[in-house]
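The structure appears below as structure tokens.
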Amino acid sequence: MKITLKDGSSKEYGQGMSVREIAMDISAGLGRMALAGEINGKVVDIRTIVKEDCTLNIFTAKDAEGLRTIRHSASHILAEAVKRLYPEAKLAIGPSIEDGFYYDIDDVKISEEDLEKIEVEMKKITKENASFEKFTKPREEAIAYMEELGEPYKVELIQDLPEDAEISFYSQGKFVDLCAGPHVGSTKEVKAFKLLSVAGAYWRGSEKNKMLTRIYGTAFSKASELEEYLYRMEEAKKRDHRKIGKEIGLFTMMEEGPGFPFFLPNGMILKNTLVDYWREIHVREGYDEISTPMMLNRSLWETSGHWDHYRENMYTTIIDDEDFAIKPMNCPGGLLVYKSEPRSYRDLPLRMGELGLVHRHEKSGALHGLMRVRCFTQDDAHIFMMPEQITEEIKGVVRLIDEVYNLFGFKYHVELSTKPENSVGSDEDWELATEGLRTALDEMGTEYIVNEGDGAFYGPKIDFHLEDSIGRTWQCGTIQLDFQLPQRFEAEYIGADGEKHRPIMIHRVVFGSIERFIGILTEHFAGKFPTWIAPVQVKVLPISDKYFNYAKEVLDTLRENGIRAQIDSRAEKIGYKIRDARLNRIPYMVIVGQKEEEEKCISVRSRFEGEEGTISLPEFVDGLNEEIRTKKIRETIEE
RNA sequence: GCUGUUGUAGCUCAGUUGGUAGAGCGUCGCAUUGGUAGUGCGGAGGUCACGGGUUCGAUUCCCGUCAACAGCUCCA
């Protein structure tokens, strides 16, 4: 048979060689390092016997697939260790995941303190050097086998596999687990691993099911890589926006209002600066800005469908015996504005922006700093348009979001979310709307993944996801196409034909929520914001009180030029003031003493270059204003 | 909401095998008037999250509530 390899070369073998044997034949080194294979694009175990002509890839720890194999094997070792220490434990599932692996277990009480003990047992198992063996059983036998082993979750998993499936198992020593593979050769090949945490997780991801105990861990091919990963995670935690937000006074949370953030002066500057920027680009893009009430009556929310579909997330109250709800979304208010006067096809597309503060009752366990709150400002806009305008309008929004994210240097990924179970509207409308979004993305060549069933109840959406410091992703921008609300509200425009027509609506946000965006910004820059959004841009540091008057002159000049400056007039040494300004992540420090006062100049120290030397104040102001105007991002140096 | 963990000064944390608490930083005062990441000395500051229970006595043990953290579920 003919085996074509990754580099295009090919080899001839007789029948029935395993992937490992082929790897061994290519080179002894590759044979030792081989962890998994890929036959004609399908990932397979290294024990797989190759029977016919194919294209073969061999994965080592350098490949993502190889690392996944190590982690998956580590999860089996974890399961065996748990079974040895807690024989009553019932095993559920144990896959490899981004950055590690986990195993879900039931009928055990395991807390973080127990992890060390389990790790010791795992080390023992790796030392035993038990080889992973694969075997299969027909369905009925497989079920009986797992029943005999007392593993009800495994029985349930097998029962959900196709009727005619051959069920595969892997064993290592005396331990057996239902598994599709692939796995490494033997337990000793899992060298560098660590258990990280214990958490609850619902069986099969449904909150209707029992909550199991999930043990998280990670594994790498080398101890040095594991250490590097753990160090990186430690460093990433220092960028947490909740920590930095406290350190530099951006926002605070109070027990009196769980999930309702308090913005402090520095956070307010950040927020207002972002809003100023937002207004600037939205005027440019032809948006009008409106503002709709915080609270509207029940009949409005019944018309919109929120009363039926979003009730558990809405805060309600009674005014003069009538039910009112605080808005969880801005769209119904926007529709009322649209309907407040007759619209012509000449008005379309009509782009109505609104920085709307919305309130949603999120579950207590979902709250997370500024990333997930119960009241937030959406940089919303509703675009009313004719069907033929859909693609261009969506493209315009995609371009705008891309522009904003690029300005901050964000990496993002895009998801297309389709019709959920709890939805309103006809299948035809959903199909049309989903195609509209897909077409726009395809025409722009934007890469995206499809998220089936994850759309809003009134329409499909394109979501833009950004990463926080430890790699969790958060949905920020979103574009939702909606045929339903215009219908429910009987929105109309007069066409060129003089007849009434129904407009189509886009809901979209760029930042998503300003709160979440600030959270992402904070973690992305570790609080060292680009000068144009830095709450304090310049700190003036007099060497001693003797130069306070000159320092004050400098401060006034900076402020007159629109620069956010503060003065540190405490009776402290200059080194102390510099340290303090650095800890507050202030981009520029202006140091003035005898020399500067005499020469009518300033001495500049920045987060970007350290000491920048002595220059005249006007020159500094010009340079700074240029940096701010162009929204430049200067690289921060570590001293 | 669920599972687990946590809650001590403004912040970061130590401590009490049950006898009402301590450090560093910050803050305030005094001295120091300085040259690019921490000047020295002194003072103030805590119903040990909240509510019950056990006890002669609870910050400590038990129960409940609230909040935070990690994950699940859900979502901008």
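Treat the numbers as computed from the prediction; the structure is a model and nothing was measured.
- Atoms CD1 and CZ, on A/Ile326 and A/Arg374 in that order, are 13.0 Å from each other to the nearest 0.5 Å.
- At a threshold of 4.0 angstrom between heavy atoms, the contacts of A/Arg374 with the nucleic acid are absent.
- Heavy atoms of A/Glu572 sit under 4.0 angstrom from at least one base atom.
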Dot-bracket encoding per residue of RNA chain B, Watson-Crick/G-U cut-off under 3.5 Å, | denoting interstrand: (((((((..((((.....[..)))).(((((.......))))).....(((((..]....))))))))))))....
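- Using a cut-off of 4.0 Å between Lys/Arg side-chain N and Asp/Glu carboxylate O, A/Arg279 and A/Glu289 are scored as salt-bridged.
- A straight line from NZ of A/Lys573 to P of B/G34 spans 11 Å, rounded to a whole angstrom.
- Among the heavy atoms of the strands, none lies under 4.0 Å from A/Glu112.
- Checked options A/His368, A/His465, A/His413, A/His524; the residue passing with A/Trp474 is A/His368 (criterion: ring-ring contact (aromatic ring centres under 6.0 Å, His included)).
- At the heavy-atom level, A/Arg516 lies under 4.0 Å from base atoms of the strands shown.
- If you check distances only, the side chain of A/Ser206 never reaches the base of B/U73 with a donor-acceptor pair under 3.5 Å.
- Taking the side chain of A/Ala201 as heavy atoms from C-beta on, and the options B/A76, B/C66, B/C72, the nearest nucleotide is B/C72.
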What donor-acceptor contacts under 3.5 angstrom involve side-chain atoms of residues 248-257 of chain A, with partners at least two apart or in another chain?
none

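- Backbone-only contact: A/Tyr216 has heavy atoms under 4.0 Å from sugar-phosphate atoms and none from a base.
- Using a 4.0 Å heavy-atom cutoff across all strands shown, A/Val373 reaches at least one base atom of the nucleic acid.
- The residue from A/Tyr103, A/Phe193, A/Phe101, A/Tyr102 that alone fulfils the ring-ring contact (aromatic ring centres under 6.0 Å, His included) condition with A/Tyr216 is A/Tyr102.
- Map A/Asp240 and A/Ser603 each onto its nearest nucleotide of RNA chain B; the residue landing nearer the 5' end is A/Ser603.
- Counting distance only, with no hydrogens placed and no angle test, the side-chain atoms of A/Arg242 and the base atoms of B/C69 include no donor-acceptor pair under 3.5 Å.
- Among the heavy atoms of the strands lying under 4.0 Å from A/Arg570 are primed sugar atoms or P, OP1, OP2 only; no base atom is included.
- Taking the side chain as every heavy atom from C-beta outward, A/Tyr547 and A/Glu596 never approach each other to under 4.5 Å.
- One donor-acceptor pair, N or O on each side, does fall under 3.5 Å between the base of B/G35 and the side chain of A/Glu596.
- One can find a donor-acceptor pair under 3.5 Å joining the base of B/G1 and the side-chain atoms of A/Tyr202.
- When heavy atoms are screened at a 4.0 angstrom cut-off, A/Met254 is found touching no nucleic acid atom at all.
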